[in-house]
Novice: 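Before anything else, here's the structure in question.
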Amino acid sequence: MADSPIDIRVIAHFDIDCFYAQSEVLRCPSLRGRPVGVTQKFLVVTTNYIARSLGVPKMVSIDEAKKVLPALVLVNGEDLTPYRAESKQIMAVLGRYGVVQRSGLDEGAVDITAQVKARLQCGFPALSFSSHILGWEAVSGEPGNDSGGTFVNVDSTKLELEKISGVDTALLVGSQVVSEMRSAIEKETGFQCSCGVAQNKMLAKLASSLNKPSKQTCLLSGAVERFIAPLPARKIPGVGRQTEAILLDLGVQTITDLKKVSVCQLSERLGARIGQFLYDACRGRDYTPVLDKGPPKSITVEDSFRNCTTLQQAEGILRVLAPDLIKRLDEDRVETGRRPKSLTLKWRVQGPKWNFISVSTDLPVELLSPSLSKEQRAAVAVEVASRLLLRNLGHSFHLVVLNIGATNFVETSTSDPAVRDIRSFLQAQGNSPRKELKVTSKNDARARRESFKTMTSALPAGPTGAVLGLNFSAVADSQKTPDTHIFGSGHVGDEYQLSNSSDEEDGWRDLADQLKSGVRASCPTATNFTQTQSYKDVSDQLQSQQSTDLLHSKSIFKTSHPAKLKQFFVENEDVMKLESPDSQRAGVTNTGGLHFRTQTAGSSRIANSIAKREVVPESTSQKKKRKSRNGTLDAFVIRK
DNA sequence: CTGGGGTCCT
DNA sequence: AGGACCC
C-alpha cells in the first residue's frame, strides 16, 4: 500500500548548521577558522563547530563559555535582522525544488517528490553524491553501519538495482536532488547545511540531525524501524518536557516502549490528538503534508532586562522596541499587502513563575498610516502599550521581559500577489496600463469592486501627478440628479472620460472599463467617490474614528457610506499615496487617498495650473448654485 | 546569567 | 489568555 507509487513521497529536511554563528562568519571573514559564539544578553545561544570541538556547546552562559575557552570570539546576535534576510534567501533557493515548510529561521522541510518523479521518468538516472545512508546494505550488497548510516559516495554502479524497492529508489534519487540543493544553497548564499531524506517530515528531520555539520543522511525504508526503535520518546518532534514526563510516568522511555502502549491508554493520559499522534509517530508514520505556511501570523519584538520597575522605565524600553516593530510591519506590508488588526503586549515578571502574561487590543490604524512618520507611529505604539501596562499592572511591578507585536493579519486589496505584480509590471512598462488589466463580470458587484481595487492598485505614481478632481456637484447639477456619483480618470494631455452612475460600484466598474478599453491613462490618479450628505455627519463619524488626515484637510467629503469610505481609505492607503511634487504645486492635497483641491478657483496660480491641464474651474453660476447647497468645496469641471 | 523569536491547541 | 511545543 505504502509502496504504491502514488503514495510515495520524498521529503527532505534542511537544517542550516549553527545558523547564527555561520552567518556571522560569512559576514566577517576574519572570524573564519576561529571559535565563534553568538550571544544574546548573558547567553551564548549558538557556537560554530570549531568552538564546539573545543568544548563550548550552544546555550551556555557567557561566563561559562569564557571559562572553558578564553579565546572564544563572541558576537552579539540580539538583532535578528541579518539572519532574517539570509534565511529568506536560503528558503527561496529551497522553494525552487518544491513546497517548503519553514520552522524557525534555519530549518525547513521540502517535498521533493515531483523532482524525483521527473528524474525517474526516463529510467533510473545516473547518481553521484555523498551521503550517509541507513539501510545501505539492502540496496548495495555492501556491509552497512547502523549507528549513523553508512557513508558512501554513491554512484549507480554500486547499486543492485533489481533489489531496490520503489520507495528506496525514490529516496536515493531524492538524495541526489538534495545533494544538488545543498550545493545550490552554498553557491548562492554561502551557507552549509545538513539534511535528512526520508519518506515523511518526521523521519527526515530525525535523519537530518544524525550527521552534522554539512552532511546529508538518507533513511531507506528497511532501516526505519531499527533506526527509531532505540531513540528516547523525547526525540519525537512534538514531545516536549511535559509529554516526556507523562510518558515516563507510564513507564515509557524509548520509542520501543511507546510502541507497546495502546492508543486508548495514550489518549486517556494525553488527549485523543496527542495520543493518536504518538501512536503513529513511534511507528515511523507521519502523514502530514509539507505545507507552505505563508508569511508569519504574528510579528513581535521583545527585550529582556533586569531592572524595570516603573512605568517610565517600561516606556523607555517600549521606545526602543516600537520603531523596530513599525519597521517590520512596514516591510511586511510591502511584501504581503496585509494589515494586522490586533496589537499584543506580553511581559514576564520577576519571580519563580516562568510564563508570560499577555493582553491584546485593537491595533490603532494610525500605527499603519503612511501619512504619519515612523516616529509618530512608534509614539502611538508606545502610548497604547504603556496604557495597557498601566491598566493591567498598575504602578508596582518588576518586569524582566517585554514583548510588543501585531497579529490577526487581514488581507487587503494589495494582498493579491497578482495585484502587486501588475503594479511592478506597470512601473517597468513606464506607467501604461493596458489589456493585462482584467475586468471581471459586470454583474458581480463584489467582483467589480475587487476589479476596481486591482486597477487602482496597479496605477503607479507618475511624473506629473495629474489630478482630476472629481466634481460631483457640478456634474450633478447638469444631470439634475443631486445624488449622482461621478467617476473619472485621466491624465494631462490624455483622453479622459467621466462617467456617472447611481451606484459606487458601477462607477468603479466604469473606471475599470475605461482602463481596459485602452483609455490612455499614463498617470491616472486615484479616483474618489462622493455623495451628498450632511457634512457634519461625515465629519463626526470620521472624527470619532480618529481619521486625522481627513479632518486636517478641512474639506468636505460626502458619502452615504462614511464607514465604507473610511474602510476604503484604510485598506488602500498605500495605493492612494499616489502623490508627486507637481500635484502639490497644482494646489492639490493628498489626504490619505483623495486628491482634491483645497484652494478657491480664484487663485491665479491654481487657475493657471488647472488651465494648463485643461481642467477649468466651474462656472460662477454653477459654483453659486452649489455653494448654496454646501458652502465650501470649490469644484471644477473637466472639459474635453 | 534562560534569547528572541515563532507555531498551534485549548 | 495561556500553555506546550519548536528553533
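Atom set for the values below is all heavy atoms of this structure, side chains included, hydrogens, waters and symmetry mates excluded. A, B, ... follow the sequence lines: proteins, then strands. Residue 1 opens every chain.
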Novice: Taking any heavy-atom pair under 4.0 Å as a contact, classify A:Val239: base, sugar-phosphate, or nothing.
Specialist: sugar-phosphate

Novice: Taking any atom under 4.0 angstrom from a heavy atom of chain A, which nucleotides of DNA chain C are the first and last to qualify, 5' to 3'?
Specialist: C:dA1 to C:dC7

Novice: Whole angstrom is fine here: how far is it from CZ in A:Phe305 over to P in B:dC1?
Specialist: 18 Å

Novice: Under 4.0 Å, counting only non-hydrogen atoms across every strand here, what does A:Asp63 touch: a base, just sugar-phosphate, or nothing?
Specialist: base

Novice: For A:Phe42 and A:Ser304, find the nucleotide of DNA chain B closest to each by heavy atoms; which residue's nucleotide sits nearer the 5' end?
Specialist: A:Phe42

Novice: Can you spot which of A:Lys212, A:Lys215, A:Arg182 makes a salt bridge (charged side-chain N to carboxylate O under 4.0 Å, His left out) with A:Asp15?
Specialist: A:Lys212

Novice: Take nucleotides 5-10 of chain B nucleotide by nucleotide from the 5' end and write B, S or -, depending on whether a protein heavy atom sits under 4.0 Å from the base, only from the sugar-phosphate, or from neither.
Specialist: SSSSSS

Novice: Output yes when at least one side-chain N/O atom of A:Lys41 is less than 4.0 Å from OP1 or OP2 of B:dG4, else no.
Specialist: yes

Novice: Checking all strands, does A:Thr39 fall into the base, sugar-phosphate, or nothing category for heavy-atom contacts under 4.0 angstrom?
Specialist: nothing

Novice: Under 3.5 Å, is there a donor on one side chain and an acceptor on the other for A:Arg234 and A:Thr254?
Specialist: no

Novice: Closer than 4.0 angstrom, basic N to acidic O: yes or no for A:Glu78 and A:Lys41?
Specialist: yes

Novice: So what does A:Ile357 touch, heavy atoms closer than 4.0 Å: a base, only the sugar-phosphate, or nothing?
Specialist: sugar-phosphate

Novice: How far apart are the closest heavy atoms of A:Ser386 and A:Leu318, and which atoms are they?
Specialist: N-CD1, 3.9 Å

Novice: Are A:Glu86 and A:Tyr20 linked by a side-chain donor-acceptor pair shorter than 3.5 Å?
Specialist: no

Novice: Taking atom CG of A:Asp330 and atom CZ of A:Arg328, what is their separation to the nearest 0.5 Å?
Specialist: 12.0 Å

Novice: Can you name the one residue among A:Arg285, A:Arg283, A:Lys259 that meets salt bridge (charged side-chain N to carboxylate O under 4.0 Å, His left out) with A:Glu225?
Specialist: A:Lys259

Novice: Only counting residues at least two apart or in another chain, list the ones meeting ring-ring contact (aromatic ring centres under 6.0 Å, His included) with A:Phe191.
Specialist: A:Phe19

